[in-house]
2 protein chains.
Amino acid sequence: MATEQYKKEDHLLLAVDCIIFGFDGNRIKALLVKRNLEPGLGKWSLMGGFVKKTESVKDAATRVLNLLTGLTDVYMEELGSFGEVNRDPGGRVVSIAWYALIKINDYSEALMKEHQSKWFELDHLPVLLFDHGEMILQAKERLREKVSAHPAGFTLLPSKFTLQQLQGLYEAIYEKKMDKRNFTRRVLELGLLKKLEEKEKGTSRKGAYLYVFDKNKYDKLSKKGFRII
Amino acid sequence: MATEQYKKEDHLLLAVDCIIFGFDGNRIKALLVKRNLEPGLGKWSLMGGFVKKTESVKDAATRVLNLLTGLTDVYMEELGSFGEVNRDPGGRVVSIAWYALIKINDYSEALMKEHQSKWFELDHLPVLLFDHGEMILQAKERLREKVSAHPAGFTLLPSKFTLQQLQGLYEAIYEKKMDKRNFTRRVLELGLLKKLEEKEKGTSRKGAYLYVFDKNKYDKLSKKGFRII
DNA sequence: ATTAATAAGTGTAAAAAATACATTTATTAA
DNA sequence: TTAATAAATGTATTTTTTACACTTATTAAT
């Protein structure tokens with residue numbers, strides 16, 4: 001099947017690793033699993049897997065994410081390759097890291113038991129397998145860049161959310177407090193949100209209006225580019 | 001050598017492809033070569049090669065770039081992976097694309113003859129091998145994002161350059177005319193440039209002062225981040 | 001020596017965007 | 001009816017960005 005000239009070239013293992021981010025209303029968290037094979041059996045690690053010959057790299061990442069979370073249609077982007085020769089003591093494995101943004105409640109307690117997985121705050125990460133710590137650091141940085149100009153962050157929130165939840169998310173990602181009036185004005189002026197009649201009554205007597213993200217308006221806006229933060 | 005569990009996994013070919021950008025004083029160009037193996041023998045393509053077991057992915061990209069240009073210490077960054085199953089009819093090859101920024105005069109006529117290579121303007125690209133056209137498009141977009149906040153673009157210019165050459169570079173990357181006064185003010189206010197006594201006399205009787213990029217000042221600035229354009 | 005030609009170099013006013021900041025409002029539990 | 005609590009809202013100030021045109025230095029031609 002392969003061209004003659006290709007046969008003499010080195011073949012190696014290609015893996016994907018998924019940095020899965022969630023938002024608990026207060027902090028950004030990453031979902032980690034206890035590794036179930038050697039080397040590094042039992043260590044906390046990112047969810048990963050090998051790319052098969054019959055699937056694209058993206059499909060492999062999607063498959064690995066689905067295997068852990070059961071989720072499909074998840075926001076996911078490539079972070080980049082990690083290709084040091086000795087990064088994996090088990091063999092020559094190049095890994096392509098992907099980051100995914102999921103709604104934290106979509107990942108149930110049951111799944112956490114089943115996979116020996118756990119959400120960790122980004123500044124309380126355990127010792128991690130191989131170069132997975134570096135992957136998470138880079139993904140965190142990439143997430144910041146991403147949400148500054150793209151509405152990716154919305155996928156970390158429930159589909160209906162209050163303005164204060166949205167602000168809380170940006171504050172968590174940028175690790176700094178923002179001014180409520182300025183934030184509200186800016187985000188509403190973008191015209192990406194649709195205000196609902198409905199109110200969220202969990203956190204106050206008055207209740208805060210719920211909003212949804214309006215993908216239509218985003219698609220129009222995104223052509224000429226814009227800045228969220 | 002490899003762990004037992006890894007052995008049953010699919011092994012595949014991993015390649016690197018280099019998008020090499022240059023600036024001729026007027027337009028951004030990409031350096032392409034005539035492919036010297038099947039499949040696609042004789043087609044215009046990016047310079048590429050397979051990642052060996054004994055080298056990191058980054059080292060492979062560096063090696064491939066050096067093989068074509070003879071250059072070392074070149075500004076190079078990973079663009080991302082291209083991993084569709086059938087992207088290369090010769091076999092299952094995942095490619096990691098890198099973009100490099102070089103001074104166009106560092107690449108001699110002699111090398112162009114030797115490698116059957118040629119500089120192409122980005123809007124006059126020939127038909128390209130596999131997904132290399134898409135790689136170049138993505139790299140062009142990435143270059144824009146990059147130079148808006150990082151001084152990477154300077155590596156496309158000679159080490160001494162005039163303000164109008166620098167402006168010309170940004171105009172080429174963004175494909176739009178900019179105001180000379182505003183551009184000059186902004187770029188000088190950043191404090192990244194050192195003005196020399198020397199003048200460039202090629203393009204005017206008066207002559208334009210030459211500047212050099214001051215890496216020291218950049219390193220200080222880069223911690224808190226800044227915006228060039 | 002004077003003039004003509006050419007690109008280099010420079011400043012200011014207006015508009016837009018970002019920031020700093022505090023009070024009123026709606027609701028419910030006591 | 002009152003107290004408590006978070007939600008909602010506007011304005012003045014500062015900073016940044018944009019728009020815009022004339023003077024200067026130099027040399028080649030006369």
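Note that the structure is predicted; figures quoted are calculated from it, not measured.
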Counting distance alone, no hydrogens or angles: does the base of D:dT11 have a donor or acceptor under 3.5 Å from a partner atom on the side chain of A:Arg181? no
What is the distance, rounded to the nearest whole Å, between atom CG of A:Leu210 and atom C1' of D:dA7? 13 Å
Within this structure, what is the NZ-to-P distance between A:Lys177 and C:dT19, rounded to whole angstrom? 17 Å
Would you mind telling me which of A:Phe154, A:Tyr211, A:Phe213, A:Tyr170 makes a ring pair (Phe, Tyr, Trp, His ring centres under 6.0 Å) with A:Phe161? A:Phe154
Should the pair B:Lys140-B:Glu175 be classified as a salt bridge under the 4.0 Å nitrogen-to-oxygen rule? yes
If you check every side-chain atom of B:Arg205, which of D:dA28, D:dG10, C:dT10 has the closest atom? D:dA28
When rounded to whole Å, the CD to P distance for the pair B:Gln167 and C:dT10 reads 14 Å
Establish whether the base of D:dT24 is bridged to the side chain of B:Lys206 by a donor-acceptor pair shorter than 3.5 Å. yes
Using whole Å, what does the distance between atom P of nucleotide C:dG11 and atom CG of B:Leu188 come to? 12 Å
A:Met178 has an atom CE; how far is it from atom C1' of C:dA18, in whole Å? 13 Å
Tell me which nucleotide among D:dA8, D:dA25, C:dA8 gets nearest to the side chain of B:Gln164. C:dA8
If you draw the axis of the six-membered ring of B:Tyr209, does the NZ or CZ of B:Lys199 fall within 45° of it and under 6.0 Å from the ring centre? yes
Is B:Lys201 close enough to D:dT27 that one of its side-chain N or O atoms is under 4.0 Å from OP1 or OP2 there? yes
Could you check how far CZ of A:Phe226 sits from C1' of C:dA18, rounded to whole Å? 18 Å
Give the intermediate values and the outcome of side-chain hydrogen bond (donor to acceptor under 3.5 Å, both in side chains) for residues A:Asn182 and A:Arg185. CA-CA 5 Å; A:Asn182 293 339; A:Arg185 184 185 331 115; 3.1 Å; yes
Given D:dA7, C:dG9, D:dT18, the nucleotide with the shortest approach to the side chain of B:Arg186: D:dT18
B:Asn182 CG to C:dG9 P, in whole Å, measures 16 Å
Closest of C:dA26, D:dA19, C:dA20 to the A:Lys199 side chain is C:dA26
Specify the separation, in whole Å, of atom CG of A:Asp179 and atom P of D:dT13. 17 Å
Does C:dA26 have a Watson-Crick or wobble partner in any strand here, with both distances under 3.5 angstrom, and which is it? D:dT5
Base of D:dA8, side chain of A:Lys180 - is there a donor-acceptor contact under 3.5 Å? yes
Heavy-atom closest pair, residues B:Phe23 and B:Gln165: CE2-O, 4.0 Å
